[in-house]
Amino acid sequence: MNTRDRLIVALDVDSPEKAIHLTKLLSPYVGAFKVGMELFNSVGPEIIYTLKKLGANIFVDLKLHDIPNTVARASRVLTSHGADILNVHAAGGKEMMQSAAQAVNKEVLDKGLTRPLVVAVTVLTSISARAFKEEIGFAGEIEDKVVNWAKLAQAAGLDGVVASPQEIRAIRQACGPEFVIITPGIRPSGGAVHDQKRVTTPGEAIAAGATYIVVGRPITENSDPVQAARNIVSEMN
Ligand SMILES: O=c1ccn([C@@H]2O[C@H](COP(=O)(O)O)[C@@H](O)[C@H]2O)c(=O)[nH]1
């Protein structure tokens, strides 16, 4: 895979015009675009079709988390809309993840679609070690929880996980070289971290074994998004 194909830009915007503008501007420099809750809920599923018509690969980041039947049905619908990557929460459990994977596989077979990657969100990159223990009440270390959830996702038939770049090496060791690791919480050296807590630079994430990195504000809120994306790809090398 080319370095630039490993860069996914988070389109955290509230209108189709802004999303289309960024997609046209950045498509030559990045591998894919992420449609998250803000854009999906502002525009609706048609944004997936609109951006795919522009030739973009789309990660639909809705972080499904519900009972197995509900998540399976939602996963089937997102597959039919043409998501290239979709995700569920690992905290939903093995049965939920298995149901999602099976529903996606069935939809792909029934409709002759290209199979999307189905990945599990582990511990959000905005969660600090203190919040993990004192607020949410988990015992132990974040890395152990992330690795356990990654192994559970793999056993459930998922393709990979979303995790912080700080846990990449441990996940790689536990789940092997083919397992997909998508890492938000990426900040260029010296850049503002915003609400992210477990961050690294693009270069550190790739060196640790990330399959894809996700970058939003450092690109989309930059006065020159193209240069920001090009700088990040350079930092990945
Ligand atoms: O643990 C997670 C899971 C998802 N995200 C998403 O990634 C982007 C990051 O945006 P930045 O502006 O680069 O912080 C955003 O869309 C999140 O919803 C995450 O950050 N952490």
Side-chain angles (χ1 to χ4, degrees), residues 6-14 18-19 22-23 26 29-43 47-48 51 56-65 83-92 117-129 131-132 135-136 138 142-143 145-147 149-150 153 158 160-168 170-171 180-206 208 210-223 225 228-229 231-233 235-236:
R6 296 183 188 278
L7 174 57
I8 301 174
V9 175
L11 295 173
D12 290 325
V13 293
D14 60 2
K18 289 177 194 168
L22 283 166
T23 302
L26 293 168
Y29 309 100
V30 310
F33 294 88
K34 186 172 81 65
V35 173
M37 295 175 202
E38 183 185 8
L39 183 56
F40 191 88
N41 288 310
S42 298
V43 185
I47 192 64
I48 302 171
L51 299 182
N57 295 314
I58 301 298
F59 172 11
V60 181
D61 178 21
L62 295 183
K63 302 183 182 69
L64 305 176
H65 191 181
D84 295 291
I85 307 176
L86 63 91
N87 58 6
V88 302
H89 265 287
L117 293 176
V118 185
V119 297
V121 179
T122 58
V123 179
L124 293 170
T125 54
S126 56
I127 302 293
S128 65
F132 182 76
E135 291 175 10
I136 308 175
F138 280 125
I142 291 181
E143 183 176 283
K145 175 67 76 187
V146 169
V147 168
W149 273 341
L158 266 56
V161 286
V162 177
S164 120
Q166 297 183 4
E167 291 104 41
I168 296 170
I171 299 167
V180 173
I181 304 177
I182 302 179
T183 61
I186 300 295
R187 288 296 180 266
S189 12
V193 296
H194 307 103
D195 51 353
Q196 299 285 6
K197 303 294 186 304
R198 305 191 328 282
V199 302
T200 72
T201 64
E204 286 164 342
I206 295 298
T211 316
Y212 299 102
I213 67 169
V214 175
V215 184
R217 289 162 290 185
I219 294 175
T220 58
E221 293 184 359
N222 194 292
S223 56
N231 290 346
I232 285 171
V233 172
E235 278 199 53
M236 290 161 75

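Counting starts at 1 for both ligands and their atoms, following the listed order.
Interface atoms of ligand 1 facing Leu124, defined by a heavy-atom separation under 4.0 Å, are 1 (O), 2 (C), 3 (C). For ligand 1, the atoms closer than 4.0 angstrom to any heavy atom of Arg217 are 11 (P), 12 (O), 13 (O), 14 (O).
Annotation for Pro184 and Thr125: closest pair O-CG2, 3.8 Å, computed over non-hydrogen atoms. Annotation for Glu235 and Ser189: closest pair OE1-OG, 3.5 Å, computed over non-hydrogen atoms. Between Thr183 and Ala210, the shortest heavy-atom distance links the atoms OG1-CB, 3.9 Å.
Ranking protein heavy atoms by distance to atom 20 (O) of ligand 1, first place goes to Gln196 NE2, 2.8 Å. Protein heavy atom closest to atom 13 (O) of ligand 1, with residue, atom name and distance, is Gly216 N, 2.8 Å. Of the protein's non-hydrogen atoms, the one nearest atom 17 (C) of ligand 1 is Lys34 NZ, 4.0 Å. Nearest protein neighbour of atom 15 (C) of ligand 1, counting heavy atoms only, is Asp12 OD2, 3.3 Å. The single protein non-hydrogen atom nearest to atom 11 (P) of ligand 1 is Arg187 NH2, 3.5 Å, given as residue, atom name and distance. Regarding atom 1 (O) of ligand 1, its nearest protein heavy-atom neighbour is Thr125 N, 2.9 Å.
Nearest residue to atom 7 (O) of ligand 1 from Pro184, Ser126, Gly191, Pro218 is Pro184 (criterion: closest heavy atom).
The proximity of Lys63 to ligand 1, defined as any non-hydrogen pair under 4.0 Å, is limited to the side chain.
For the pair Glu167/Val147, no side-chain contact is recorded, criterion being any heavy-atom separation below 4.5 Å from C-beta on.
For Arg6 (side chain) and Val233 (main-chain N/O), no donor-acceptor pair under 3.5 Å exists by modelled atom type.
Tested against Thr211, the residues Val119, Val180, Val161 include a single side chain to side chain contact (heavy atoms under 4.5 Å, CB included) partner, Val180.
Using a 30° and 60° split on the angle between ring planes, His65 and His89 fall in the tilted class, from 30° to 60°.
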